[in-house]
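First comes the structure, then the notes that go with it.
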Amino acid sequence: MRRKVSMNYDFKTIETKWQSYWEGRKLYKTEKDFAKQKYYILEMFPYPSGKLHMGHVRNYSIGDVVARFKRMKGYNVLHPMGWDAFGLPAENAAIKHNIPPAKWTMDNIKNMKKQLKQLGISYDWDREFATCNPDYYKWTQWLFLQLYKNGLAYKKKAPVNWCPSCATVLANEQVINGACERCDTSVEKKELSQWFFKITDYAERLLNDLEKLPGWPEKVKIMQKNWIGRSEGAEIVFKAEKTGDDIRVFTTRQDTVFGVTFMVLAPEHPLVMKLVKATDREKEIKDFVEEMKNKSELDRTSEDVEKIGKFTGQYAINPLNGDRIPILVGNYVLMEYGTGAVMGVPAHDQRDFEFAKKYNLPIKIVIQPVDRNKWYTLEDMEEAYTEKGILVNSGIFNGLTSEEALDKIAEHLEKNGIGRKTVTYRLRDWLISRQRYWGCPIPIIYCNECGAVAVPEEDLPVILPFDVEFNPRGVSPLLESEEFRKTTCPKCGREATRETDTMDTFICSSWYFLRFTSPFTTEEPFKKEDVDYWMNVDQYIGGVEHAILHLMYARFFTKVLYDQKLVSVEEPFENLLTQGMVLKDGAKMSKSKGNVVSPEDIVEKYGADTARMFILFASPPEKDLEWSDQGVEGAYRFLKRVWRLVNECRNTVKRGEENEGTELKGEDRKIKRLIHATIKKVADDIEQRFNFNTAISAIMELVNGLNTYVNTEANPAVVKEGIENLVLLLSPFVPHITEEMWQLLGKKGSVHEQKWPEYDPEALKRDEVTIVIQINGKVRDKMVVDVDVDEETLKAEALGRPKVKKYTEGKEIIKTITVPKKLINIVVK
RNA sequence: GCCGAAGUGGCGGAACUGGCAGACGCGCCGGACUCAAAAUCCGGUGGGCCUUAAAACCCGUGUGGGUUCGACUCCCACCUUCGGCACCA
């Protein structure tokens, strides 16, 4: 059966050959066929940094397996690729190398596209676009205008996060531990007039609809939930004693309101300076407020910063019990959250407790444990009692449980016009303007007469000019371009100026998945019929670093567009896979650590198929993957082994003998079972679990089995069945070598256009099974029996075995447990 | 501090529904081929005990307990690592 064939696995020739074949035949072009069942698979498109890294290779290899598999399963598959092409690195590189950002970006795209093709990823390249192209950003601007017209885009002056290194403002989501997400520089606060998207209007839906996403990792949903940070509580209006001003506080524990002994305002709170005006505290408070304003985010909010409070000399009146309480200004109260003012209940909040001890403020107990024996007094109180309990010292509310009081007090507040039930979110509005050049211009014109005016839709796109000096100076480089800036007001025709800030690039990536459904339509952002057919994305794949940023913004956009009836889905991504990182020596690959493995080198040395095979085999996709040169060697060896096996069997396969009705026996039967068990397992592993590592290991077992089998007096029909299926099963993982082997087997057409094989349930059937015999739960023996042996016979046979007798002799058999086709457990005493 | 995920051979990992722990691969050891080496192929490989060898036996999935005929899998407590959030009122 086995014949020596000397044919080397020449991956270079094979890979180039088939890549150009695919390109020439447009094998992966998605046809418009709405009758077919669709499958939209998408990997997060990359920023064109210049070269692919291993993380990209992993991301796109995973997606490609699924895309190829689904095609073979008969789906109409959309698998597109494009470029998230606006962004800071282009400007930084341009400054460094003196190349225009546009050119730098386009060169990078060209190179990365070449690399993706070399990896053999099956994209429909006819749908490719870059977000920096006016054909695309015209519609980004158009979408901005839709938000603007619906009151979801607004400009306001506010203290914002400023990254001095990037010379631009940042959204809250882009500040990590008080530092810039991109460059790790400590972020400063600046009072600037900026554009925002009103994502907070969607907070409730963004939160609730997480429940509609069973196909998302729990981890990501929890991160978004925490980020949105919904708290239910009440707003309570205290009156400033002297000025009569209302001071609204937000609390989640209105049941403790009778225990309020002080109040703390954020330094930025508008009432602070009014309260101390013309008092002896004015200077002290003013200095303190100034000091706080100048502190960086990090210095203000990190945990080890001491809590400081300054007494304003003023008092407020508790509307529920008339208590007169001191008003303080404190560094730890944030203007951006709630109302910027908090009530201090030291007996029932640990932070207030410590604060009260430090400044000698009174403590008043208003909640006691349900169990009267555990009641405490001020004397034995060493920390705040933060649990819920029974109300005391609370007037008409005494004796209620906290739960009852939360509602009752809220009702009372509402009835008396001194507060109301309310919900507060941690989520803030999305700051979208950037003082940088390489981004999508905001389509707004400022007119002295008419104010901010939207650029009329027919005037879009507002083109980003190329002849701009773009060194970052903290103001938009577009300010310098007179030609860009000067325009006329669309309303009154008078001289006017354009907005010179550009948009956060996360806006560009918040709708690109919609554009892929009809990428070149010129009359609208996407065609309704196409977007309705293709959306949602059935499977989205990308790094977990976008758990909040991109994934929440994209959900927000989709919901806005849904409300505008532009799309008919409320969520963009049905299933999400967050792939793990690629590590080397236990750490993320990075230039500074010098542990970078370049995909180019690996493809050059072993070929794309080996690179893909290793990456998919080494670890399940959601886990981190430790790079191993020896592992790559192993993947390469495996492919060579397959190559040799297929070559040695090609003539047997070509002869094409079929098994004419004779029933298979012995080894023939066994190998046939292995073939069909593998077909089943590989499909299950790809489809249901995304466990490519176990799918591949099953194929390896098939190869091992076939290798042994073809050395025996193998049945040619079984060999044929085995080899053909082997090539088909491998084709989503290693598309080039399987294409070549398919041809070697004398097949016509591309292996990637074949149907995914069906397993034959008959072949999986067994006549005999191995039963494990346990005594008291320990494996003591094994025996082979007929599949359909009944329980009594099985038990009798097991008890008759010498090894079993050894353990049961002179002992009482209490019971036996049998698991059909698997095991029998004999319990003895 | 809070939330989440994970701890299995020398290493990456497998065990899908509570039923043979360690599939598959790497590494290592032995053998074949070779003048020799590489490549390739064949065989072995959790630890202990015993040993000339084998059989047999014992231990073993982070630690300690529990449920169960039976636990990597379920429950309780703890330890470690990683990730997210972190004065959020």
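Sequence lines set the chain letters: A, B, ... in the order given, protein chains first and strands last, and positions in each chain run from 1. Since we're looking at a predicted model, the values are computed, not measured.
Remark: the A:Thr422 side chain and the A:Glu235 side chain contain no N/O donor-acceptor pair separated by less than 3.5 Å. A:Ser231 and A:Tyr337 form a side-chain donor-acceptor contact under 3.5 Å, judged by distance and modelled atom types alone.
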B/S/- contact track for nucleotides 5-11 of chain B, protein heavy atom under 4.0 Å:
-------

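The gap from the P atom of B:C87 to that of B:C79 amounts to 25 Å, rounded to the nearest Å. Only the P atoms considered, B:C28 is 24 Å distant from B:G22, to the nearest whole Å. The separation of B:U80 from B:C29, taken at their C1' atoms, amounts to 34 Å, rounded to a whole angstrom. The C1' atoms of B:A37 and B:G47 are separated by 35 Å, rounded to the nearest whole Å. For the P atoms, the distance from B:G62 to B:A15 is 16 Å, rounded to whole Å. Look at the C1' atom in both B:G7 and B:A14: the space between them is 16 Å, to the nearest Å.
Not one side-chain nitrogen or oxygen of A:Thr770 sits closer than 4.0 Å to the OP1 or OP2 atom of B:C20. Between A:Tyr807 and B:C57 there is a side-chain N or O to OP1 or OP2 distance below 4.0 Å. Remark: A:Arg426 is in phosphate contact with B:A86, judged by side-chain N or O atoms under 4.0 Å from OP1 or OP2. Contact annotation: A:Lys803 side-chain N/O to B:A56 OP1/OP2 distance is under 4.0 Å.
You'll find that the side chain of A:Val779 is closest to B:A21, out of B:A89, B:A21, B:G19. Closest contact between the side chain of A:Ala618 and the listed nucleotides B:G12, B:G19, B:G25 involves B:G12. Counting only heavy atoms from C-beta on, A:Arg689 has its side chain closest to B:C16 among B:C16, B:A56, B:G25. Nearest to the side chain of A:Glu701, among B:G19, B:C24, B:C20, sits B:C24. Across B:A89, B:C69, B:C87, the shortest atom-to-atom separation from the side chain of A:Asn331 is found for B:C87.
Using cut-offs of 30° and 60° for the angle between ring planes, the A:Tyr553 and A:Trp430 rings count as parallel. Between A:Trp627 and A:Phe614, the ring planes lie perpendicular to each other; the angle is over 60°, past the 30° to 60° tilted range. Using bins of under 30°, 30° to 60° and over 60° for the plane-to-plane angle, the ring pair A:Phe692/A:Phe690 lands in the tilted bin.
Using a 4.5 Å heavy-atom threshold, the side chains of A:Arg58 and A:Ser619 count as touching.
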N/O to N/O distances under 3.5 Å, protein versus nucleotides 38-43 of chain B:
residue : atom : partner  : partner atom : Å
B:U40   : O3'  : A:Arg644 : NH1          : 3.4
B:U40   : O2'  : A:Arg644 : NH1          : 3.4

Dot-bracket, RNA chain B: Watson-Crick or G-U, under 3.5 angstrom, [ ] crossing, | other strand?
(((((((..(((......[....)))((((((.......))))))(((........)))..(((((..]....))))))))))))....

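Rounded to whole Å, the distance from CD on A:Gln350 to P on B:A89 is 15 Å. For the pair A:Leu583 CG and B:G13 P, the interatomic distance rounds to 10 Å; values are reported in whole Å.
Between the side chain of A:Asn825 and the base of B:C69, a donor-acceptor pair under 3.5 Å is found. At a cut-off of 3.5 angstrom, counting only N and O atoms as typed in the model, there is no donor on one side facing an acceptor on the other between the side-chain of A:Lys815 and the base of B:C69.
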Take A:Tyr385 and A:Ile365 through the side-chain contact (heavy atoms from CB on, under 4.5 Å) test and state the conclusion after the steps.
CA-CA 9 Å; A:Tyr385 177 73; A:Ile365 295 170; over 6 Å; no

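A:Phe311 has its ring centre no less than 6.0 Å from the ring centre of A:Tyr359.
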